[in-house]
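Report on the structure given below.
Protein chains get the first letters and strands the later ones, always in sequence-line order, with residue 1 at the start of each.
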Amino acid sequence: MLAAEPLAELSGVYKRFSKQEVLSLIDLKLFSGQITGLLGPSGAGKTTIVNIIVGSYLPTAGTVRVLGETPPFKNARKQLGFMPQSEALYLDLTANQNLRFFGSLYGMSKSRLDQKIPEVLNLVRLGDEGRKLVADFSGGMKRRLSLAIALLHDPALLVLDEPTIGLDPKHRLELWRGFRERAASDAGLLITTHVMDEAAFCDRLLMVQDGRIIADDSPEKLIQTTNTQTLEEAFLAFENQSPNLNQKADQGPPGEKTAAGFSAVENHEYNADKTDPGFSAAENQNQSGDATDPGVSPFENQNQLRESASPGASREGGQDA
Amino acid sequence: MRNTLALTRRILQQFSHDPRTIVLFVVGPILVLWLFSVLLNSPAYQPVIATVDLPEPLVMALQDEDATCLQTTSDQAAELLASGEVDAVLSLDGTTLVVLVEGANPSRTSSVMQAVQSATKNLALDEREQIEADIQKRSDEVKGNLTEMRTQFEEFSKQLSELQGFMTKMRELSSQLPSDMLDTLGFPEIPDTVQNPDIPEFPEMPDFDSIITEFSPTVSDVQIDYLHGSSDWGNFDFFGPVFIGIFIFMFVFLTSGMSLVTERTGGTMERLLVTPIKPWQLVLGFCLGFGVVTLVQASIVLWASITLIGFPNEGSLLVVVTVTFSMALVSLNLGLLVSALARTPFQIIQFMLILVIPQVLLSGIFDLTAAPSVLQILSNCFPITYGAAALRDIMLRGAGFSEVALNLGILWVFIVVFFVLASLSFARRKAH
């Protein structure tokens, strides 16, 4: 089944803007039925990875294969759903008009649009808002409409860049329920986030720091292998044992230069955590081998949201990575 | 094609939700063109001149030229000139008329000079007329004298003949008398004849009118006929067609230029470029969408310009709309090309300064025949030049499709070139 053909595969990918190295040696695979999280602070390179997968950026080196194609993508685009980090909506159109426009760009017929638009609007809880101008939408409604556009053409691979940013917890949970439903219907999802509690909802988590993937496993195993209590602590553990970190702390792709860390508060927490005597460098070193050698530990501790996904999918994804 | 048309439909939907832009799109050019017509049709400036001890006829001649004359002392005049209340001070230095102009505003200076030149010319004409009248009068006098002399001479000649007759009679009578009696009477000897002097040839008086005309072969009257247009046509009519093209070009450039920048700043470009739409389909979709809007705009603006504002149009409105629409399409594609390169709305304005304003300046507003050849070559590289030339041919000279075919063809070459360049710059942008 899934082990045969990944939806997307990046191997040895470097990306450089002018002379600035943004990504180095990225290897990742995305599988259908699986939610993969890209976790890392702002400026870590998450959006650059996303842009390479959706075909907006070409890698400086390395190979990219998405839905059976190498860039520049042609047919692969039709099977790709993308929700950019920015709003990316026409405020002077209604929700329906936005959906109809983007759906038509994916070659959807009128009858299919007539059928799918109410469906996706209901899915994102905007069933009654289709005729309203997007300019009158709240921030949360806009995010949900943006997601609806990405879902509209039933893409095999959904790439969502910080989909829940700026949403209140209720809407955030609703969206994650939607992601889980898509995964259940065999779509592959790649979701970037810098929020730890959301990262826990993923089947598989890629921790990104300074343009490198420093860890790749299920959230439970990441915590388990670092012998920590939370994903934050796990992230720090991987960050500390990864070479060359902190030297390039301010570097990142142009679009992500504004903030070097997760956020002021979160950075502060990490700094405090770094001094935690209970988490030694030796431990990190020992555990890093386990962390980058996926599939050793059994799959455990599915949280409530993850129950609905196929557990086999996430386990095999982890093994492939 | 479906995705191209989806883009077209989306642009039209966006316009339909934005009545303010629609209104500005149509009212903007009409307002500017109306203002333009009012400015170019307004009467010339009438200068205010301070005169210092000028002879009355000169002052009157100046006033005849619609100049306002203030008769002042030289000190007052200097003050008025310094404070800008008069445009010039006129005084006499011997027989030289000294004109001191304020000088900062060339159009006022030239209106002063025009008034002064016309006035002095008229004065000279008056003087000449006076001299001519004098000559005429004297010639008439001489003629009268000559006629009188001739009459008197004839009278004298007649009397002389009479005298001769009388003398002949006397001689006859005296011959009948005995000679000694005559001696006794002391009768004078009667001369034989009185020589009748010849009446001198009086010269014919020359015709002074013909002499005057011969000396100064001035044209007494001028009749002007027009191959195109009429005596009512002024600057406005000459510049009008060019300006219609220019303003529509600028409005469309801004609209299309901003469109893609807005997509970029709004993030929708990011989403658009990930969809299966090809770059040329994207550019074509924009062209069709804005093309429809532009066609409506150009038609309304042209109709209003010709029927409401009074722009001249000798040709057919259909040909005018076709040329204007083609210019708008050039501008549209140039705007899209620039939009693909610019990152912010501000850069679009800067691009307009670089790419559109020089075109406007070299499009035929100014006569470039005497300009440096570089400018003439540049002018030939710019699309507005061809559109403006075609519009002038149609609106001023009544040209039809066949006569503007070359200019129209060149415009379409620009459309295709800019379309391809815009598509290529999108393709480059699509993945980098």
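- A distance of 10.5 Å separates CG in A:L7 from CG in A:L190, rounded to the nearest 0.5 Å.
- In this structure, chain A has no heavy atom under 4.5 Å from any part of B:Q281.
- Neither the backbone nor the side chain of B:L5 comes within less than 4.5 Å of any heavy atom of chain A.
- A salt bridge links B:R10 with B:E263: the distance from a Lys NZ or Arg NE/NH1/NH2 to an Asp or Glu carboxylate oxygen falls below 4.0 Å.
- Proximity to chain B among residues 132-156 of chain A is limited to A:L133, A:S146, A:I149, A:A150, judged by heavy-atom separations below 4.5 angstrom.
- Judged by the 6.0 Å distance and 45° axis criteria, B:R271 is not positioned over the aromatic ring of A:F82.
- At a threshold of 4.0 Å, the pair A:K46-A:E162 counts as salt-bridged, since one of the basic side-chain nitrogens sits closer than that to a carboxylate oxygen.
- You'll find the side chain of B:F325 stays beyond 4.5 Å of the side chain of B:V320, heavy atoms only.
- Ring centroid separation for the pair B:F243 and B:F247 comes in under the 6.0 Å cut-off.
- Looking at A:F102, the atoms closer than 4.5 Å to chain B (heavy atoms on both sides) all sit in the side chain, from C-beta outward.
- Taking the six-membered ring for Trp, A:F17 and A:Y57 have ring centres closer than 6.0 Å.
- Legend: side chain to side chain donor-acceptor pair (under 3.5 Å) pairs involving residues 409-418 of chain B, not counting sequence neighbours, sorted by first then second residue: B:S326-B:W412.
- Applying the ring-ring contact (aromatic ring centres under 6.0 Å, His included) test to B:F251 and every residue at least two apart in sequence or in another chain returns nothing.
- Residues of residues 103-117 of chain A placed with any heavy atom under 4.5 Å of a heavy atom in chain B are listed by number as A:S104, A:L105, A:Y106, A:G107, A:M108, A:S109.
- Contacts between A:N75 and chain B at a heavy-atom distance below 4.5 Å are absent for every atom of the residue.
- If you measure heavy-atom distances from A:L80 to chain B, the contacts under 4.5 Å come from the side chain alone.
- Cation-pi geometry between A:K29 and A:F31 is not met at under 6.0 angstrom from the ring centre and within 45 degrees of the axis.
- Ion pairing between a basic and an acidic side chain is recognised when a charged N comes within 4.0 Å of a carboxylate O; A:R16 and A:E21 show such pairing.
- A salt bridge links A:E198 to A:R172: one of the charged nitrogens lies within less than 4.0 Å of a carboxylate oxygen.
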